[in-house]
Amino acid sequence: MIRTLAKCIREYKLAAFLTPVFILCESLLEVYLPYRMADMIDYFGIENPEMKQIILKGIILLGIAFASLIFSAFAGKYAAVASAGFAKNLRHDMFYKVQTFSFANIDKFSAASLVTRMTTDVTNIQNSFQMILRMAVRAPSMMIFAMIMSFKVNYYLSWIFVIFIPVIALALFIIIKFAHPIFTKVFKIYDKLNNIVQENLHGIRVVKSFVREEHETEKFKSISQQIYDSFSKAEKMIAFNMPVMQICIYSCIMIISWFAAQFIVDGTMTTGELVSMMTYIMQILMSLMFLSIIMVMVVISRASAERVSEVLNEKLDLTNCDEPVKEIPDGSVKFENVSFSYAKDEEKLCLKDVNIEIKSGETVGIIGGTGSSKSTFVQLIPRLYDTTKGTVYVGGLDVKKYDIESLRDSVAMVLQKNVLFSGTVSENLRWGNANATDEELVEVCKLAQADDFIQNMPDKYNTYIEQGGTNVSGGQRQRLCIARALLKKPKILILDDSTSAVDTKTDALIRKAFLEKIPHTTKIIIAQRISSVQDADKIIVLDNGVINAVGNHEQLLKSNKIYQEVFYSQQKGSVEQ
């Protein structure tokens, strides 16, 4: 875990190195101050009260204090730079790692959990890293230096410090042991909280239309209460840290004061030595207190560090082979004995022994009931998932031998959930091709029957689309997504029920445009409406992950019961309307 996180320091290694160097210098000067002060009190204040010498020594003390302040300022500056840069790199590496995830990898982490890890968890790690750079060096170095100086001042009194250290260490160990599991649990609850908020915001129109605001508020209140209860429990444990430290500090001061008074009366200890000794007491015990605070921060951030490392160390489900092919010759597709399971369990197959061959340029329709694995079938083509058994071929070659980016660039896929991003219409379309000209944008929009409604928008192709495309209708959103896919000029175009929100006339115009304008592109259309696929070269009927039948509209209408049932039920519905 530490090795994984340490890789993210990168260009901030110098700042991370300089921080403890300046802290060490600051600590040395702070420990040296009481020693010089004792010297001034004993020899130039009490025994030889010479003002000139006292002023001179005072100026030296001020110089040491000022130098310590300078070192502290530089340490603070570099600690801030190193911790902020470290957090930036953590977020960068996590986000880029997520971009390489397959659907199977993403399924392992919820979207809400990934958001929590990139925000709350990274912030916890950043705070701990900064604390470690400064206090984790300052506290032990100050304690060691102060301990050395205290033994130099009075050997016997210094052993009192040593007695209290195991007591503090034991208290910290008990606190950490019981608090860490609670913080681990809390961050998992945070994931649930973010999921509820995200779900509520995405579905706010549904919430309001069903008047479920109170229900959603109760859900939020319940999960928020769980976080409160867990944090309160953990904080109560951590709260014992301060009383233990204070008991140790004040006990130490009282015991040393009692023995020191006797030593001064006996003449074995000077007033200046007592002053410096009391200062070293505070330095040593304050260092121990800072160490305890650091340990508390580490306990909190440890759970976060484990969650961030889990993302960074996630093994990619899909990777390129050693020498991937980058050119896809054509849009032919072949499934050979293909079976697939999301759980990678051959006992829980979604697709079973699928064999089908699609020629380049063909139009293929896919029909089937809900849960028949239509979407799963097409997602294996651009290798969004890998087969559990069997082989998928594109352009005559196993998809696993292609460069993943090149393969997916040749396969344009319009998913069931059409997503538009905040930005103008043209910016959304150029996701398909960043270098596309305005003329190319208009051309693909005409093919997707989107140009007409875009021309009626206030700023036409410069009209701003809200996040998720909330300011356009479902049918408009689908057509924009189809246009975006066409802009890639793919060898294979997959429409996963992506014309369900458009009327039958527009649907027919889109299919006609495909036939006339992109005849060499292989078109695979998943649809619920028979009318959307009845002109296809072949239609695949899927039933519970198995190919039930393959044929054209006329053949299936004569021979296949599933196809007949769907067709006649839709015909009956249209007649009744």
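Every heavy atom of this structure was used, including side-chain atoms; hydrogens, water molecules and symmetry mates were not.
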Indicate whether the side chain of N313 and that of T4 have a donor and an acceptor atom separated by less than 3.5 Å. yes
Would you find a donor on one side and an acceptor on the other, under 3.5 Å apart, between the side chain of S339 and the backbone of K389? no
Nearest heavy-atom contact between I539 and Q534 is CD1-CA, 4.2 Å
Is it the case that over 12 heavy atoms from other parts of the model lie below 6.0 angstrom from the CD atom of E11? yes
Is it the case that N337 and N355 place a side-chain donor and acceptor less than 3.5 Å from each other? yes
Is the number of heavy atoms from other residues, nucleotides or ligands within 6.0 Å of NZ (K88) greater than 12? yes
Report the relative orientation of the aromatic rings in W431 and F421; use parallel for angles under 30°, tilted for 30 to 60°, perpendicular for over 60°. parallel
Where do Y461 and V442 come nearest, in terms of heavy atoms and distance? OH-CA, 3.5 Å
Between A536 and N552, what is the shortest heavy-atom contact and its length? O-CB, 4.5 Å
Is E213 atom CD crowded by more than 12 heavy atoms from other residues, nucleotides or ligands, each under 6.0 Å away? yes
Listed partners of E440 passing salt bridge (charged side-chain N to carboxylate O under 4.0 Å, His left out), at least two apart: K489
Taking I518's backbone N and O only, do any of them form a donor-acceptor pair with K523's side chain (distance below 3.5 Å, no angle check)? yes
Could you tell me whether K219 atom NZ has more than 12 heavy atoms of other residues or ligands within 6.0 Å of it? yes
Just by modelled atom types, is the E323 backbone N or O under 3.5 Å from a matching donor or acceptor in the K401 side chain? no
Enumerate donor-acceptor pairs with a distance under 3.5 Å from any side-chain N or O in residues 118-127 to protein atoms, sequence neighbours excluded.
residue, atom, partner, partner atom, Å
T119, OG1, V115, O, 2.6
T119, OG1, T116, O, 3.4
D121, OD1, S304, OG, 2.9
D121, OD2, R307, NE, 2.7
D121, OD2, R307, NH2, 3.1
T123, OG1, T119, O, 2.9
N124, ND2, T120, O, 3.4
N124, ND2, S304, OG, 3.1
N127, ND2, T123, O, 3.4

Qualifying residue for side-chain contact (heavy atoms from CB on, under 4.5 Å) with I381, from L407, V394, V399, T522: V394
What is the minimum heavy-atom distance between C8 and N89, and which atoms define it? O-ND2, 2.8 Å
Do F86 and F129 have ring centres separated by under 6.0 Å? yes
Taken in chain and number order and not counting sequence neighbours, the residues that satisfy salt bridge (charged side-chain N to carboxylate O under 4.0 Å, His left out) with E427 are none
Go through the steps for D543 and K352 under the test salt bridge (Lys or Arg N to Asp or Glu O under 4.0 Å), then give the verdict. CA-CA 10 Å; D543 183 35; K352 304 161 195 171; over 6 Å; no
When you check the gap from the basic side-chain N to the acidic O, do E310 and R117 get nearer than 4.0 Å? yes
R484: salt bridge (charged side-chain N to carboxylate O under 4.0 Å, His left out) partners, not counting sequence neighbours: none
Could you go through the side chain to side chain contact (heavy atoms under 4.5 Å, CB included) check for V338 and D353 one step at a time? CA-CA 5 Å; V338 170; D353 200 28; over 6 Å; no
Cation-aromatic face contact K334/Y393, 6.0 Å, 45 degrees: yes
Does any pair with a residue in residues 446-471 pass salt bridge (Lys or Arg N to Asp or Glu O under 4.0 Å), and if so which ones, sequence neighbours excluded? none
Please check if the distance between the ring centroids of Y385 and Y342 is under 6.0 Å. yes
Can you name the salt bridge (charged side-chain N to carboxylate O under 4.0 Å, His left out) partners of R383, sequence neighbours left out? D386
When the aromatic ring centroids of F340 and F377 are compared, is their separation below 6.0 Å? no
